[in-house]
Amino acid sequence: MNIAENILKHNLRNVYFLTGTALAGKTTMATALAEKHGFIHFNEHWTAPHFKVWQSIYNERYQPISTLKKETIDWDAHFDRPAEDISADNAGRSGNDEYNEFVIIELIKRSQTNKVIADVCMPIELLTEISDYSRIACLLASPELVTCENYGARASHKEYLEWIMSLNEPEKKITKQNEVFRIEAEMAHQEARKYNLFSVVRTKESMVEDTLRLLEKHFGF
C-alpha cells in the first residue's frame with residue numbers, strides 16, 4: 001500500500017526536519033531547538049528506544065534487506081571495496097527505505113499533539129515529498145571537517161571509531177571511511193542545491209547560537 005504525498009504532508013505538518021551531512025550539527029541543533037521550544041526531539045541514533053523496537057519487528061518477508069544485514073559481515077571485504085560503492089550501499093541498498101517507512105509512522109504518532117524536531121538521515125528527495133520546504137533545513141559541514149577523527153570525538157560516535165580501530169589494518173579503513181565521508185558530503189551539498197533547500201554550512205568558525213537563530217527564523221519559531 002502506497003500513501004499519497006498530500007496525506008503524509010498533512011499528518012507530518014507538526015514535524016520539522018533537520019537533514020544533511022555528518023558533523024554538521026544536526027543533533028546539537030535539534031537538541032537546542034527541542035529544549036528551547038518544548039518540542040519532542042526524534043533522533044535516529046542506533047541507541048534510541050524506537051530503533052530497538054525496529055530491530056525487534058522487522059522480518060524477512062517485509063524487510064529482506066534489513067534482515068540480511070543481521071548476518072555476519074566480512075568488514076575487511078567491506079572496506080576493500082571502492083569508496084563510491086560503499087557510499088552507494090549506504091544511500092540506496094542498505095535497508096534505509098525499509099527503515100524510513102517505520103520512521104514516518106513513528107513521527108506521525110509523536111506529532112499529533114506535539115511539535116517534533118526530527119534529526120533524520122532520510123534522502124532529501126523523500127523529505128521534499130513528505131514535507132514542505134518551510135519545514136526542512138539542511139545542515140552541511142565544510143568538507144575538511146568531515147573526518148573519522150572529528151566524528152569519533154563526539155561522545156555518541158566514540159564507539160564507531162573504536163570499532164574501526166579494532167579491525168585489521170585500521171589506518172587503511174579510516175582512510176577509506178574518510179573517502180566515503182567526503183563523497184557523501186559532496187552529494188549532500190549537491191542535493192541541497194538541486195532541491196533549493198534552506199541550508200547552513202558549518203565551518204570551524206561557526207557558532208551554535210548563530211545557527212540556532214537562522215533555523216528559528218527559517219522555521220518561524
Side-chain angles (χ1 to χ4, degrees), residues 2 17-24 26-27 43-46 48 51 54-55 58-60 62-104 118-131 136-152 154 156-157 159-161 163-197 199 201-202:
N2 294 320
F17 291 95
L18 296 182
T19 189
T21 67
L23 296 165
K26 297 188 299 296
T27 301
N43 191 328
E44 280 194 337
H45 194 268
W46 60 271
F51 188 74
W54 162 248
Q55 290 180 308
Y58 63 64
N59 64 67
E60 184 176 1
Y62 299 108
Q63 293 88 27
I65 300 176
S66 299
T67 304
L68 283 173
K69 287 180 66 181
K70 291 182 67 176
E71 304 298 327
T72 300
I73 296 175
D74 183 341
W75 290 108
D76 287 316
H78 172 81
F79 281 106
D80 279 342
R81 297 183 298 161
E84 292 79 5
D85 290 353
I86 297 174
S87 178
D89 187 55
N90 291 341
R93 300 193 299 273
S94 63
N96 286 346
D97 289 344
E98 297 170 351
Y99 178 52
N100 285 334
E101 292 180 353
F102 175 79
V103 167
I104 289 171
D119 165 18
V120 297
C121 296
M122 289 184 183
I124 289 176
E125 181 178 7
L126 174 59
L127 287 178
T128 61
E129 293 173 355
I130 65 174
S131 185
I136 305 170
C138 193
L139 301 184
L140 305 166
S142 183
E144 69 272 10
L145 297 179
V146 189
T147 66
C148 274
E149 181 181 16
N150 289 339
Y151 190 80
R154 293 280 298 274
S156 58
H157 301 154
E159 290 184 18
Y160 181 76
L161 183 58
W163 167 72
I164 289 185
M165 293 303 296
S166 72
L167 300 175
N168 295 325
E169 299 184 297
E171 295 304 324
K172 288 185 178 180
K173 291 175 173 59
I174 286 176
T175 298
K176 182 62 65 69
Q177 182 58 55
N178 283 340
E179 290 181 46
V180 173
F181 276 146
R182 177 185 57 78
I183 291 170
E184 293 180 346
E186 290 176 355
M187 289 177 59
H189 282 256
Q190 292 172 4
E191 287 286 285
R193 289 192 295 268
K194 175 181 176 181
Y195 290 96
N196 197 30
L197 290 182
S199 303
V201 179
R202 180 191 177 192

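Only heavy atoms go into these numbers, but all of them, side chains included; no hydrogens, no water, no symmetry mates.
A salt bridge links Glu186 with Arg182: the distance from a Lys NZ or Arg NE/NH1/NH2 to an Asp or Glu carboxylate oxygen falls below 4.0 Å.
Partners of Tyr62 by side chain to side chain contact (heavy atoms under 4.5 Å, CB included), not counting sequence neighbours, listed by chain and number: Asn59. Applying the side-chain hydrogen bond (donor to acceptor under 3.5 Å, both in side chains) rule to Lys194 yields no partners; only residues at least two apart in sequence or on another chain are considered.
Using a 4.5 Å heavy-atom cutoff, the side chains of Phe102 and Tyr58 are not in contact. Side-chain atoms of His78 and Ile86, non-hydrogen and from C-beta on, do get closer than 4.5 Å to each other. Between Phe17 and Ile130 there is a side-chain heavy-atom pair separated by less than 4.5 Å. At a threshold of 4.5 Å between non-hydrogen side-chain atoms, the residues Leu167 and Phe79 count as touching.
Scanning both residues, Pro170 and Ile164, for their nearest heavy atoms gives CB-O, 3.5 Å. Residues Val201 and Ser142 approach most closely at CG1-N, 4.1 Å, considering heavy atoms.
Rounded to the nearest 0.5 Å, atoms CG (Asp76) and CG (Asn168) are 4.5 Å apart. Atom-to-atom distance recorded for Asp119:CG and Leu18:CG is 6.5 Å, nearest 0.5 angstrom. In this structure, the separation between CD1 on Ile174 and CZ on Phe181 is 10.5 Å, given to the nearest 0.5 Å. Expressed to the nearest 0.5 Å, how far CD of Gln190 lies from CD1 of Ile124 amounts to 10.5 Å. Taken from CD in Glu179 to SG in Cys148, the straight-line distance is 11.0 Å, to the nearest 0.5 Å.
In this structure, Tyr160 and Tyr151 have perpendicular ring planes: the angle between them is above 60°, well past the 30° mark.
The backbone N or O of Ala141 lies less than 3.5 Å from a partner atom in the side chain of Thr21, making a donor-acceptor pair. With hydrogens and angles disregarded, no donor-acceptor distance shorter than 3.5 Å links the side chain of Lys26 to the backbone of Val120. Checked by atom type and distance alone, the side chain of Lys176 never pairs as donor or acceptor with a backbone atom of Ala83 at under 3.5 Å.
Paired with Leu197 under the rule side-chain contact (heavy atoms from CB on, under 4.5 Å), one option of Leu140, Thr128, Leu127 passes, and it is Thr128. The one candidate from Cys121, Pro123, Ser199, Cys138 that meets the side-chain contact (heavy atoms from CB on, under 4.5 Å) condition with Thr19 is Cys138.
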> side chain to side chain contact (heavy atoms under 4.5 Å, CB included) between Ile104 and Met122: does it pass, once the steps are laid out?
Replying inline: CA-CA 10 Å; Ile104 289 171; Met122 289 184 183; 3.7 Å; yes

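Looking at Glu149 and Thr147, their side chains never bring a donor and an acceptor atom within 3.5 Å of each other.
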